[in-house]
Amino acid sequence: MNEILLFIGVGITLVYILVALFAPLFQAWGWVANPEEFLDFPIHAPPSPQHWFGTNRQGYDVFSRTLFGSQVALQVVILATLFSLVIGVPLGLISGYLGGRTDKSLLFLMDTIYTLPGLLLAVTVAFVVGKGVVNAAIALSVAYIPQYYRVVRNHTVSLKTEVFIEAARAMGASTPRILSRYLFVNVLPSIPVLFTLNAADAILTLAGLGFLGLGLPPEVPEWGYDLRQALDGLSVGIWWTTLFPGLAMTLLVVGLSLLGEGLGEWFNPGQD
C-alpha cells in the first residue's frame, strides 16, 4: 500500500514538473494564452472552447494562469527548500558535533524561530525583502531552517560517539572531514523526506502570501493571488475562477505529501 501511495505521489509531482517545463513551449505554439495578457479577453467569461477554464475579473485566462502557476510555485518552493537545506544542514552538523556553547546558542536561536507560526514568520520577512520569486523563497525558507537543523543536529549527536567516528579522530581526520565524509553521509537519508514534506507545506504558505498580496507581483500567475481575486465572484456564481486554481494547489500538495510519506517509509521500512 505504501508503495502505491509513493508511486501516486511521484506521478502527480512529475506531471506538475512536466507542466511547469513545457508551459512556455505550449504558449509559443499557441496552445496556451499568455498568462499576463488580459486586455483582449472578456471579464468573467465562463469555460468555453476559447477559454477552457474561463476568465477572471481582470480578464486573465484562468487555464493559462493555472498552468503557469505550477511553474512559479515549483520555482519558489524548490528555491525555498534549497535555501533552508543549505543553511540548516551545516548548522545542524556543526552544532551537534561541537556541542558546548555553540550547540546551546544555535539550539536556542532555532527553537525561538521554530516556535513562531510559519505563515506569520513568512509574512514578516516578506514585508522586509519585498516581492519577487527569490524574495518569496527567502521569506519561506526562514521557517524551514530550524526543521533541518533539528533533524540533522539530533542525528549528529547520536552518531558522534559511534566507533567509526572515534576511529576517524584517532587516525587524525580533521573536523571538516569528519562532518562531510562521515556524519553528513549518515544523516543524508532523512533529508529527502523532510524536503518533500516542507515543499508541500511551502505551497500552502506561498498561497497564503499571495492571498495577502505579499508574495509575487500581481501580473505573475500565482494560485494564492488568483484565489484572492476570485472571492468577489463567488457570491454571484463565478465558480471557475476559484475551482481550478484551488484544485491545482490541492493536488500538488497531496502529491508532495504522498511522496514525502512514501520516501519516509522507503528509508525507514522498520518504523510504523
Side-chain angles (χ1 to χ4, degrees), residues 9 12-13 16-17 19-21 35 65-66 68-92 106 109-153 190-229 245-246 248-261 263-264:
I12 294 174
T13 305
Y16 275 87
I17 292 174
V19 168
L21 291 175
R65 287 184 68 86
T66 301
F68 277 87
S70 64
Q71 183 183 63
V72 173
L74 289 175
Q75 286 177 349
V76 174
V77 167
I78 289 174
L79 280 176
T81 47
L82 283 177
F83 288 162
S84 304
L85 188 152
V86 168
I87 297 174
V89 171
L91 288 180
L106 287 173
L109 174 62
M110 294 300 170
D111 283 348
T112 302
I113 298 175
Y114 190 72
T115 57
L116 299 174
L119 180 58
L120 177 61
L121 190 59
V123 168
T124 304
V125 178
F127 267 119
V128 176
V129 299
K131 297 181 179 181
V133 172
V134 176
N135 291 344
I138 293 173
L140 293 176
S141 67
V142 175
Y144 302 119
I145 290 174
Q147 298 184 30
Y148 288 100
Y149 166 83
R150 289 161 64 97
V151 169
V152 173
R153 183 253 179 200
S190 63
I191 294 176
V193 179
L194 188 57
F195 187 94
T196 52
L197 294 177
N198 279 346
D201 184 71
I203 293 289
L204 298 176
T205 306
L206 175 64
L209 289 178
F211 193 85
L212 296 172
L214 298 172
L216 301 171
E219 67 275 7
V220 177
E222 195 275 314
W223 297 326
Y225 178 80
D226 287 353
L227 288 174
R228 178 192 182 189
Q229 297 300 314
M249 179 175 61
T250 301
L251 190 58
L252 180 56
V253 171
V254 170
L256 289 171
S257 298
L258 291 177
L259 178 59
E261 294 293 339
L263 288 175

Between [X] and [Y], what is the shortest heavy-atom contact and its length?
X    : Y    : value
A139 : A126 : CB-N, 3.9 Å
A137 : A80  : O-CB, 3.4 Å
V72  : P221 : CG2-O, 3.4 Å
V129 : N135 : O-ND2, 2.9 Å
T205 : A122 : CG2-CB, 3.9 Å
V253 : I203 : CG2-CG2, 3.6 Å

Spatial distance of atom [atom1] ([X]) from atom [atom2] ([Y]) [nearest 0.5 Å]:
X    : Y    : atom1 : atom2 : result
L91  : L109 : CG    : CG    : 8.5 Å
F211 : Q229 : CZ    : CD    : 9.5 Å
R65  : E219 : CZ    : CD    : 8.5 Å
T196 : L258 : OG1   : CG    : 10.0 Å
M110 : Q147 : CE    : CD    : 11.5 Å
L252 : I12  : CG    : CD1   : 9.0 Å

Does [Y] offer a backbone N or O that forms a donor-acceptor pair with the side chain of [X] under 3.5 Å?
X    : Y    : result
K131 : P218 : no
W223 : A248 : no
S84  : S141 : yes

Close side-chain approach of [X] and [Y], heavy atoms under 4.5 Å:
X    : Y    : value
F195 : Y148 : yes
D201 : Y144 : yes
T81  : L85  : no
Y16  : L251 : yes
D111 : R150 : yes
L216 : Y225 : no
V123 : L214 : yes
L256 : L197 : no

Side chain to side chain contact (heavy atoms under 4.5 Å, CB included) between M249 and L227: does it pass, once the steps are laid out? CA-CA 10 Å; M249 179 175 61; L227 288 174; 3.8 Å; yes

Check the pair I113 / L121 against side chain to side chain contact (heavy atoms under 4.5 Å, CB included), numbers first and verdict last. CA-CA 8 Å; I113 298 175; L121 190 59; 3.6 Å; yes

